Amino acid sequence: MSTEQAAGTQTEALLALAERYAAHNYHPLPVVIAEAEGAWVTDVEGTRYLDMLAAYSALNFGHRHPRLVEAAHRQLDRLTLTSRAFHNDTFPVFCRDLAELADKDMVLTMNTGAEAVETAIKTARRWGYDVKGVAPDRAKIVVADGNFHGRTVTIVSFSTDPSAKAGFGPFTPGFEVVAYGDIEALRAAIDEDTVAFLVEPIQGEAGIIVPPEGYLRAARELCTERNVLLMADEIQSGLGRTGTTFACEHEGVVPDVYILGKALGGGIMPLSAVVADRDILGLFRPGEHGSTFGGNPLACAIGIEVIDMLRDGSFQRTSTELGAWLAQALRDAAVPQIAEVRGRGLWIGIELVPEAGEARASCERLMERGILAKDTHETTIRLAPPLCVSRADLEWALERIVDVLATAGS
Ligand SMILES: Cc1ncc(COP(=O)(O)O)c(C=O)c1O
């Protein structure tokens, strides 16, 4: 069924329900998805779309990957939750596997990305007081402008996006914002109270912003020199998205703290984690942090499978190869409405020229052509398809993307 036929049907009824009963904290495209498999989704009218957002990288392995669904079913039939009041036979295995994947000693599990970032903030502060010897309540964490680390009050306290903050104060102190990609600004911001530099190796929500070559390496050296933890928020950039298991690998950088989420739960369960060595994560004592569902057996069973799927590097390879091909093909198309194509692997930001109009309008037109992509910051369209997408799918999409953008703003 075409999108025109869909008007006035189930789609409209469900959009009206959402409008009436759901808080308006998002501005979704007007598509109502009912089913999905791999890189493709089907809406309630039976129209198929190529998913080129992959739930902001939570669906790196695609919708309902058979191995992940099978792992979930197996666990669902056996044990779903114990809380951390008791041990279970899945959680420790997941922690070991993830620690080994990241080549670190320990794991602290939570559910959402924002919770993992909160955990990392607490971790850094605790380390600062207990190990670095920062005076009580003086700990400072340096962050980058344009950051996106989640939506809690503490996290939006250091957001530079006015819409994330306005009307939600008072905010949490203890953060200093520096320009992203500017190593001298970071150097100047670090003082004796600085416990950590919290950074996205590539900024996702800001529009797939890749920092200047050498930035992460220089930040690593600076953090080591000044006894500051380098905390990499790899919630969106990690687990294969950029062509490597962790985006920090592109610069050969190993952070002190990895912050992971999204794809860790296979697009089935929320599962996030902070991963670090014992001298950092070992500082937590019982009762100081936790979450009832954090590291539950159902999520962990899926997480174990996710980690196993990352081991042979095939998803990472697909991201590298298809990402390079798609980015080049978009550049080669020489569409005047495209100012820049940037990114790494299958994580691509298309920057539109002002005359192309708002990116949202182009995303709506892409939707009409069977492609689901999302705008960010008015002028950027981001493409982040599941890493199980095929070259044929992308060729199909490319033709439509070029077609839509070549007439954008006219
Ligand atoms: C880099 C980064 N950190 C943290 C988050 C927050 O994750 P969640 O939405 O699961 O709380 C996101 C979500 O987009 C993210 O991209």
Side-chain angles (χ1 to χ4, degrees), residues 22-27 56 108 110-182 185-200 203-207 209 219 223 226 228-236 256-257 259 261-262 270 272-274 280-281 283-285 287-294 376-378:
H24 298 175
N25 56 329
Y26 278 91
H27 185 30
Y56 304 95
L108 201 170
M110 298 296 277
N111 307 282
T112 64
E115 286 173 286
V117 173
E118 288 273 351
T119 303
I121 291 167
K122 287 173 79 172
T123 302
R125 287 180 171 185
R126 166 52 56 85
W127 175 87
Y129 299 126
D130 288 9
V131 177
K132 184 165 176 170
V134 171
D137 293 338
R138 299 273 310 166
K140 179 172 98 176
I141 295 175
V142 181
V143 298
D145 67 354
N147 71 73
F148 186 88
H149 297 286
R151 297 291 196 177
T152 65
V153 168
T154 289
I155 293 171
V156 299
S157 297
F158 53 85
S159 171
T160 53
D161 176 357
S163 73
K165 294 185 80 158
F168 297 122
F171 297 113
T172 308
F175 301 96
E176 183 172 337
V177 182
V178 297
Y180 186 62
D182 182 345
L186 175 61
R187 192 187 308 280
I190 292 177
D191 58 26
E192 77 266 21
D193 293 332
T194 306
V195 296
F197 176 42
L198 168 64
V199 68
E200 296 159 85
Q203 289 188 327
E205 297 309 294
I209 310 293
C223 286
R226 305 289 296 274
V228 166
L229 298 179
L230 177 62
M231 305 203 294
D233 181 344
E234 294 252 16
I235 288 169
Q236 195 166 162
D256 300 294
V257 175
I259 309 170
K262 294 196 192 283
S272 64
V274 166
I280 299 168
L281 269 185
L283 299 171
F284 279 105
R285 291 178 296 255
E288 291 179 345
H289 193 55
S291 160
T292 305
F293 279 84
T376 180
H377 294 288
E378 281 96 53

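Every value quoted in this text rests on a predicted model; they were computed, and no experiment measured them.
- Partners of Lys140 according to the salt bridge (Lys or Arg N to Asp or Glu O under 4.0 Å) rule, which considers only residues two or more places apart in sequence or in another chain, are Glu176, Asp191.
- A donor-acceptor distance shorter than 3.5 angstrom exists from the side chain of Tyr180 to the backbone of Glu200, with no hydrogens or angles considered.
- Scored by the salt bridge (Lys or Arg N to Asp or Glu O under 4.0 Å) test, Arg126 finds Asp130, Glu288 as partners (sequence neighbours excluded).
- For Arg226, there are no side-chain hydrogen bond (donor to acceptor under 3.5 Å, both in side chains) partners two or more places apart in sequence or in a different chain.
- Between Ile235 and Tyr56, every side-chain heavy-atom pair lies at or beyond the 4.5 Å cut-off.
- Of all the heavy atoms in Ala185 and Ala179, the pair that sits closest is CB-N, 4.3 Å.
- The main-chain N or O of Gly207 is never found under 3.5 Å from a side-chain atom of Thr376 such that the two would form a donor-acceptor pair.
- Residues satisfying the side-chain hydrogen bond (donor to acceptor under 3.5 Å, both in side chains) test with Asp145, not counting sequence neighbours, are none.
- Considering Thr123, Ile259, Thr152, Val153 in turn, Thr152 is the only one that fulfils the side-chain contact (heavy atoms from CB on, under 4.5 Å) rule with Glu118.
- Contacts of Asp161 classified as side-chain hydrogen bond (donor to acceptor under 3.5 Å, both in side chains), with partners at least two apart in sequence or in another chain: Ser163.
- Between Glu115 and Asn111, the closest heavy-atom pair is OE1-CB, 3.0 Å.
- A ring-ring contact (aromatic ring centres under 6.0 Å, His included) check over residues 113-155, counting only residues at least two apart or in different chains, returns the pairs His149-Phe158.
- Taking the side chain as every heavy atom from C-beta outward, Leu230 and Val199 approach each other to under 4.5 Å.
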Could you walk me through whether Val228 and Lys132 pass the side chain to side chain contact (heavy atoms under 4.5 Å, CB included) check? CA-CA 9 Å; Val228 166; Lys132 184 165 176 170; 3.7 Å; yes
